[in-house]
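Step one of this worksheet: look at the structure below.
Remember, predicted model here, so these are calculated numbers, not experimental data. Quick note: residue numbers are just sequence positions, from 1.
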Amino acid sequence: MKIGPNANPNVLKVNPPESKPVEKATADKSAKANVTPLAQVSPQAQQLESLQQELSALPDVDLERVNQVRAELKQGDFNVDLNELASAILNTHQRD
């Protein structure tokens, strides 16, 4: 088996691409109306996009709730249900 530029002349042949005439782009709006989209977005994806935009508009922290808890702590009125807290801790660690 020969390795080199003369080993197999068929391997080195390159066929030039077929040349097609290039059509000039027109500014006609009716031509754009006939273009079909390459992909369509499902209604679920559209809804997800809408919900993501709404979510991104919300603040990261609920400042009203933070101020409410601060006020309750300051007044000594903040009560913690220890059973609920323990359940939440267990549920968090059981998911891992």
Side chain to side chain contact (heavy atoms under 4.5 Å, CB included) with Asp81: which residues, sequence neighbours excluded?
->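 For Asp81 the side chain to side chain contact (heavy atoms under 4.5 Å, CB included) partners, ignoring immediate neighbours, are Asn83, Glu84.
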Output the rest of the hydrophobic cluster of [X]: all Ile, Leu, Val, Met, Phe, Trp and Tyr residues reachable through side-chain heavy-atom contacts under 4.5 Å, sorted by chain and number.
X     : value
Val41 : none
Phe78 : Val69, Leu73, Val80, Leu82, Leu85, Ile89
Leu90 : none
Val61 : Leu63, Val66

Glu64: partners by side chain to side chain donor-acceptor pair (under 3.5 Å), with sequence neighbours left out =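 For Glu64 there are no side chain to side chain donor-acceptor pair (under 3.5 Å) partners, ignoring immediate neighbours.
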All side chain to side chain donor-acceptor pair (under 3.5 Å) counterparts of Glu72, not counting sequence neighbours =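 Applying side chain to side chain donor-acceptor pair (under 3.5 Å) to Glu72 gives Gln68.
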Tell me which donor-acceptor pairs under 3.5 Å the side chains of residues 46-59 have, and how far apart each pair is, sequence neighbours excluded?
{"residue": "Glu49", "atom": "OE2", "partner": "Gln53", "partner atom": "NE2", "Å": "3.1"}
{"residue": "Ser56", "atom": "OG", "partner": "Gln52", "partner atom": "O", "Å": "3.3"}
{"residue": "Ser56", "atom": "OG", "partner": "Gln53", "partner atom": "O", "Å": "2.8"}

